[in-house]
Structure formats: structure tokens, C-alpha cells
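Have a look at this one.
Order of the sequence lines sets the chain letters (A, B, ...), proteins ahead of strands, with each chain counted from 1. Just so we're clear, the structure is a prediction, and the values are computed from it rather than from any experiment.
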Amino acid sequence: MRLALVVVALHVLAWTPPAGAAPDFGAIAGVVRLTTKVRGNPIPTAAYSPRGVERHQPPSTAEIHNVVVYLKGVDYRGPLAVQTREIAQDHEAFTPRVLAVTRGSTVTFPNEDPFYHNVFSLSGSAPFDLGRYPRGQARGRTFAKAGLVKVYCHIHSQMSASILVLDHPFFAMPADSGAFEIERVPPGRYAIVGWHERVGERTAAVRVEPGVTTSIELSLPVDEAP
Amino acid sequence: VSARRRPPRLIIRTLTATFVMVALLLVAVFVVVSLNVRAQVRQNVTTMLESSQRMFAQLEAQRQRELLAQAGILAESPTLKAAIDTYAAEAGSPEADARSQLLATIARELDKLAERVESDAIVLVDARRYTLASVGPFSADWPSGQRIPLPANPGGGGRFDGVVRAAGRTYRTVWVDLVLDDAPIGTLYIANLLDERYAATLAELSNARIVVADGDRLIASTLDAWEAQAFERAILASRQTDGTVSLNGEPFAFRRLVTIGDAGVYALGSIDASSAAATRQALGTMALIALGAGILALVGSLWLAHLLTEPIGRLSTSLQTMSRSRDARGTLPLSGSSRELDTLIETFNDLMMSVTAAEAQTEAAYTGAIRALAAALDARDPYTAGHSERVSVLSVAMGRTLGLSNDELEVLRLGALLHDIGKIGVPDSVLRKAGPLTDSEYDQIKQHPVLGARILRSVPFLAPHLPIVELHHERPDGAGYPYGLQSDATPLAARIVHVADAYDAMTSARAYRGARSSSAALHELWRCSGTAFDAALVEALTLSLPGAAAGAERPEPSVVHA
């Protein structure tokens with residue numbers, strides 16, 4: 001592992017409940033900070049340096065956007081808002097690279113590159129292959145089962161995306177500053193997870209009380225497992 | 001003296017000396033040049049071996065780079081990458097079935113790769129370096145779930161080429177990270193066992209002997225056990241990368257072809273095996289040149305020796321001829337070959353001339369003394385004055401008529417001069433007696449030849465003349481004195497002098513009678529020829545005195561030959 005001082009600090013502060021927060025529910029808020037690169041310079045795959053071949057540089061995405069914060073083990077029986085989200089294929093990269101959706105949501109994959117792309121997954125919860133299609137087309141998939149779905153392109157082997165399908169609405173993706181907020185959480189004890197597609201996840205216990213915005217502190221990356 | 005060996009001929013000595021010198025010189029040159037040639041050939045061969053090994057090292061490095069490139073292509077398999085990444089993402093998933101399916105996908109993809117790459121093992125590890133799967137004949141050395149240590153000293157600079165030890169064996173390995181969105185998700189290893197088979201393959205490709213070493217330990221080689229041990233001790237311990245090494249007395253040029261972390265592959269070429277042919281050829285040419293030079297040297301030496309000794313030999317032969325003929329008067333011809341030799345010959349000729357002159361002088365003095373002695377003797381009696389001189393002249397004339405040699409004539413001349421020397425011992429009273437001699441007086445007269453011989457015997461160089469003095473009164477019929485020898489027992493010179501003496505005595509006056517005419521004397525001689533005188537000699541006298549003989553009356557031949 002790179003000697004990276006990757007510190008994702010979830011700084012959960014004492015927080016006044018935002019206006020309009022229902023008194024029956026609590027909330028969780030925090031900040032995520034990334035201080036280093038998760039991915040370094042591309043490692044050469046051959047001794048022959050690929051001279052003259054310009055590598056497509058995808059539009060850089062802040063690494064903080066590849067983090068999802070969610071509650072684990074929530075028995076949620078309420079209605080799930082079904083969304084339709086989009087992961088574009090742009091400059092030989094899936095953008096965004098990480099996406100969290102509720103179960104039943106649909107993700108479409110529009111091709112914005114001037115060449116064919118493919119979308120497939122080997123993940124146990126939702127194996128699929130959307131086949132190849134050219135620029136301008138978009139194909140989608142509805143995820144009916146909760147779980148992590150890893151998505152790849154069969155044509156461009158370096159492309160990947162992660163779709164976290166959750167069966168509850170208690171998740172958030174941090175803003176550029178690392179701040180996030182999960183609203184309308186029923187009071188109780190939860191396990192809150194900060195997950196990064198490469199670095200891994202970190203779990204912490206959190207207690208939510210009605211009418212209170214609880215602050216919690218999590219840090220990523222997790223230590224390398226032995 | 002005869003047992004002593006004669007010294008060798010001059011030409012042999014000269015030839016030997018010259019040739020030995022030239023031969024030694026040639027041998028020295030040959031040895032130096034051939035050593036030089038040997039060293040040169042070895043140097044060339046070493047350089048050649050080194051350059052071919054360098055070339056092979058480059059080829060080998062290129063082969064490895066190509067393998068690496070191939071690995072890079074293999075690592076781009078989308079399915080493989082997706083499977084690994086998904087497998088990692090579902091690490092915590094309870095669905096064991098899905099995970100085993102993913103593993104099966106990974107294994108299937110690896111099998112496909114193995115079909116495209118020849119290697120002992122293809123190994124896939126996850127991002128934390130644990131083995132996920134392996135294929136190939138040696139995949140048993142890479143069991144799943146085992147952590148593979150990062151190869152020590154992978155070479156750096158983006159080179160992923162190193163040595164990995166698995167299950168106690170050393171593998172040469174290239175590896176490539178599988179990258180997804182610029183992040184590593186696993187590593188693909190292509191491993192080849194560094195063993196005897198690998199060494200043998202390299203040996204066949206490089207046409208050299210191969211040693212594979214791990215650190216200072218030899219792990220495989222195409223050397224025999226002894227050589228391997230020697231190489232390990234001499235080279236691996238000191239970590240030399242190239243140079244020459246002697247294994248069991250055989251010199252090798254060696255070079256480290258490849259360095260892979262701690263490990264290295266060395267190529268060894270036998271210098272002797274490569275240089276033997278070239279050396280043999282060079283030495284063969286040298287030997288041929290040496291043979292030619294030797295023959296040339298022999299011919300040159302012979303010519304030189306001949307040049308030096310031939311005039312000396314010629315001179316020696318001339319001297320030998322001169323000495324054999326006892327002729328000191330001749331002069332030796334100049335050789336014209338060298339100034340020194342000609343000076344020698346000239347000096348010799350001068351010397352010989354002065355010797356000849358001195359000899360003549362001595363001879364003249366000695367003849368004069370004898371003549372004086374004879375004259376003194378003759379002078380005792382006025383009637384015999386000049387007798388010895390005349391007899392001598394007459395005898396020489398007769399000798400010449402008879403065709404005697406110069407030496408014999410010389411003996412005759414002196415012998416005739418001295419023939420009456422014994423009369424010194426005869427008293428004047430007898431010798432100069434006017435009247436007839438008594439018998440005893442006549443006996444005294446008869447003693448003079450023996451007396452003369454006795455006198456002369458004490459003078460060694462007069463030995464040839466002794467018979468003339470002693471026997472000049474012997475007669476052919478044996479009635480002469482002092483010994484009464486027969487004709488054939490008396491030497492010719494004595495007989496000649498006998499005749500000449502008689503003739504001169506008859507033609508000279510005596511106290512008791514007058515001189516007879518020469519014709520009367522001849523007549524008397526003729527009369528007594530065959531008895532008192534040798535007939536042939538009387539004839540010779542006649543021929544020597546043509547004037548006297550003309551007037552003479554020759555008696556009947558029957559009487560002459562009676």
C-alpha cells in the first residue's frame with residue numbers, strides 16, 4: 001500500500017437540527033477529508049513505454065466523490081423512492097465512478113465517447129451484460145436486489161464503476177468539502193459505514209436521538225488487514 | 001700419432017658454426033613469434049566470445065522484455081480483471097456460490113492465457129499479494145491463498161523482472177500489475193523455473209556453457225560437477241560479472257548475461273576449444289616458414305662456408321702438390337678471393353724464393369768446397385791435376401746421354417769429383433812414384449776406394465755419393481777392387497765413373513808414360529768393354545765424345561761383345 005496519508009476524517013460536529021427537521025427523527029452529519037491520491041500514476045504494464053500513444057485522461061473527479069456513507073443493517077419498511085440515475089461513459093471512464101441508489105432504481109449508461117462501449121457485471125446480485133453500443137445510445141438496468149454491483153466495459157479493460165444498491169434511504173455522498181448529511185433517521189443505534197471503492201470501509205457505532213443531529217467521527221482508510 | 005683423430009675439414013667447421021648460429025637465431029625468432037601468435041589468437045577469441053555473449057545477453061534481455069510485453073497484454077483481459085475486482089468486492093458477501101463462480105471464471109481465463117504463453121507457471125495474485133489461482137506445469141509450487149513476497153530488488157525503473165522463490169525453488173519471473181482505473185487490483189506473474197532444463201535451453205541457444213546462480217549459490221548449470229564447484233568458488237563468491245576463469249586447467253571466457261535481482265545467468269566459452277583451430281593453423285604456417293627459412297639458412301651457410309674455405313682449400317692443394325714434387329721453385333697462383341689470402345700467398349712466394357736462393361747459395365758453397373778438396377788432392381800429383389774435375393764433367397755428360405734425372409746427375413757430378421778422395425791416405429811416395437809399383441805399393445793404391453768411403457761416411461749428406469767413391473774400381477767381370485763385385489751388383493753411377501776415370505787416366509800423361517790420344521784411349525776401352533768396362537757405358541762415353549770417337553778405330557764387334 002502506498003505510504004499514503006489518506007485520512008478521511010468524518011468529523012461529526014454538534015449540530016443544530018436544520019429547519020424543518022421532523023421532531024420524530026434525528027439526523028447524522030459530518031465532513032469527509034481526503035489528503036492523498038488513492039490511485040497513483042498509472043503503473044506501466046510493459047517495459048516498452050507506450051510512446052506516441054496519448055492516454056485518454058478522463059475528467060478528474062475528486063476522490064471524495066467515490067465515498068458513500070450509509071447505515072448498515074437497517075430494517076426499513078417504508079416506501080423507497082425509485083430513482084433513475086446516470087453513469088456516463090466519457091473519455092474511457094465511467095463518470096461518476098461510484099453511485100449509491102435505492103433498490104428498484106434504474107441506472108442508464110449513455111455512451112458519450114466517439115467509439116463503442118460495453119457494460120457488464122459479474123456481481124452475484126446483478127450479473128448482466130448490456131452489450132456494445134455506439135455514441136449517443138444509452139442502455140440501462142434496474143437493480144432489484146440490494147448489494148454492490150461492479151460494472152466494467154468489455155472493450156476498455158481499465159474502466160470500472162461501482163453501484164451500491166441499498167434497500168433503505170439512509171445514505172449520502174459527501175460534497176466536495178467532505179460534508180454530508182443523512183436526514184430523517186429513526187432514533188436508535190446504528191452502524192454507520194464510510195465506504196470507498198478502493199480504500200475499503202470503516203464502520204462506527206452511532207446513536208440517533210429524535211430532534212437531534214448526531215455527530216459521528218469516522219476515518220478512512222481502514223488499516224490494512226493482516 | 002696415427003691413433004689421434006684428424007681435425008675435421010675447414011668447410012665442415014665453418015658450415016657447422018654458421019648453420020648453428022642461424023638455426024639458433026631462427027629457433028629463437030620462431031619461439032617468440034609463435035608465443036606472440038598464440039597470445040594474439042587467444043585475445044581475439046576472447047574478444048569474439050565476449051562480443052557474442054554480449055549479443056546473446058542483449059537477445060536474452062529482449063526475449064525477457066517481449067515476455068514482459070506479452071504479460072502486459074495478458075493483463076489487459078477485461079473478463080479477468082472484472083472477475084478479480086468483483087471477487088475482491090464481494091469478499092464479505094455470504095453468497096459463496098457466486099464467489100466460487102468468480103474463481104472459476106478466473107481459472108478459466110488463466111487457462112486461456114496459459115495457452116498463449118509458454119511458461120512453467122502463470123500465477124494471479126490479488127492486491128494484497130495472496131495467490132488467487134495458478135496454472136502451468138509447476139502451478140503446484142504456487143498454491144492458492146499463499147502470500148507471495150515482493151521480489152527482492154526487482155530492478156527498479158519500471159522493470160518488472162526478478163527472481164521469486166516458491167516452494168524452495170527459484171523462478172525467473174516477470175510480472176505485471178492489473179490496473180483498473182489507475183489502481184492496482186492484482187498482479188499477474190509469468191514464472192519460469194531456473195533449473196537444469198533452463199540452463200540447457202540457454203546453452204543450446206547461445207552455443208556456450210551456462211551457469212545459473214542465485215546469489216553466490218549455483219543452482220543450475222551445464223558444467224560438470226567439478227567445474228561447477230570451481231566456478232562457484234572462483235566467480236560466484238567474488239561476484240565477478242565478466243572475465244576469464246580457469247576451470248580444471250581449461251581457460252574460459254565468462255560473462256554474466258543477465259542479472260535478475262540476486263540471480264544471474266553466466267555464459268562460459270572455452271577459449272582453447274575456440275582458439276585451437278586458429279592456433280593450429282597459425283602454428284602450421286609458422287612451421288612451414290621456419291622449414292623454408294631453415295633450408296635457406298642451410299644453403300646460405302653452405303655458400304658462405306664454400307666462399308670462405310674454397311680458396312684456402314685450393315691453396316692447400318697447391319702446397320701439397322709442391323711439397324710432393326719437392327719443387328720449391330714454383331710460385332703459387334693468387335687466389336683473388338680476399339686481400340688477406342693473397343697477401344699470405346705473396347708472402348709465401350717471397351719466402352719460397354728466398355729459400356730457393358739460399359739453397360742455391362748453400363749448394364754452390366758446398367760444391368765449391370768439395371771441388372777445392374778434389375783440386376787439392378789432384379794437385380799432389382802434377383800428372384793428375386784437374387783429373388777429378390774432368391772425370392766429373394765426363395761422367396755427367398755420360399749420365400745425360402743415358403737420360404738420367406737431374407737428381408742422379410747431381411749425385412754423379414759430386415761423386416765423380418770426390419771419387420779419388422781416398423788417395424789422401426796413400427803416401428806421396430807411392431802415389432808419385434815414377435817407376436813401376438811393387439805389389440805392396442799397388443795394394444796400397446787399391447785401398448783408396450775403401451779409404452775414401454771411410455772418410456766420407458762421417459759426412460751424412462754425402463751418403464748418396466758413397467757408392468761412387470767406394471765402388472768406382474769394380475769391373476763387370478768381377479776382377480775389380482776392392483770387393484770384386486759383378487756388374488749387376490755395382491751401381492750405375494759407380495760404373496759410369498769407372499769408365500770416365502779410365503778414359504781420363506789414359507788420356508793424361510803419367511810419370512811413367514805419356515798421354516794417349518783420345519781415339520787410342522777409346523780403342524782401348526772398346527777392346528776391354530764387356531770385361532773391364534760396361535759395354536753400354538763405353539758406348540755412352542763414345543756418344544758423349546763425338547769428336548774423339550770420330551777418329552777412333554772401333555774394334556770388331558765380336559770382340560766387344562765377347
Quick check on A:Y116: does its OH atom have over 12 non-hydrogen neighbours (other residues, nucleotides or ligands) under 6.0 Å away?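 Check fails, neighbour count at 12 or below.
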Tell me every residue that passes ring pair (Phe, Tyr, Trp, His ring centres under 6.0 Å) with A:W195, counting only those two or more places apart in sequence or in another chain. none
Are there more than 12 heavy atoms of other residues, nucleotides or ligands under 6.0 Å from atom CZ of B:R54?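 Yes, enclosed.
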Nearest 0.5 Å, what's the CD-CG distance between A:E92 and B:D181?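 Atom-to-atom, A:E92:CD and B:D181:CG are 10.5 Å apart.
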Do the side chain of A:Y152 and the main chain of B:L180 share a donor and acceptor less than 3.5 angstrom apart? no
Option that, when pairs with chain B are counted at under 4.5 Å, heavy atom only, ranks first among A:G124, A:C153, A:S160: A:S160
Looking at B:E204, I want to see if its CD is surrounded by more than 12 non-hydrogen atoms of other residues, nucleotides or ligands under 6.0 Å.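 12 or below, so no.
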Just verifying a value: how many Å separate B:D85 CG and A:R198 CZ, rounded to the nearest 0.5 Å? 4.5 Å
When only heavy atoms count and the cut-off is under 4.5 Å, which of residues 129-136 of chain A reach chain B? none
A:F94 versus chain B, heavy atoms under 4.5 Å apart: side chain, backbone, both or neither?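 For A:F94, there is no contact with chain B at all, as no heavy atom is under 4.5 Å.
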What pairs with A:R85 under side-chain hydrogen bond (donor to acceptor under 3.5 Å, both in side chains), at least two apart in sequence or on another chain?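 Testing A:R85 for side-chain hydrogen bond (donor to acceptor under 3.5 Å, both in side chains), a comparison that skips the adjacent residues, returns none.
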Run the side-chain hydrogen bond (donor to acceptor under 3.5 Å, both in side chains) test against B:Q146 and tell me which residues pass, sequence neighbours left out.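 side-chain hydrogen bond (donor to acceptor under 3.5 Å, both in side chains) list for B:Q146, sorted by chain: empty.
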What option among B:A82, B:A83, B:S77 has the most heavy-atom pairs under 4.5 Å with chain A? B:A82
Interface moiety of B:L80 toward chain A, non-hydrogen atoms closer than 4.5 Å: neither
Of all heavy-atom pairs linking B:E90 and A:S123, the shortest is OE2-CA, 3.2 Å
Minimum heavy-atom distance B:L102-A:L122, with the two atoms named: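 Minimum heavy-atom separation between B:L102 and A:L122: CD2-CB, 3.7 Å.
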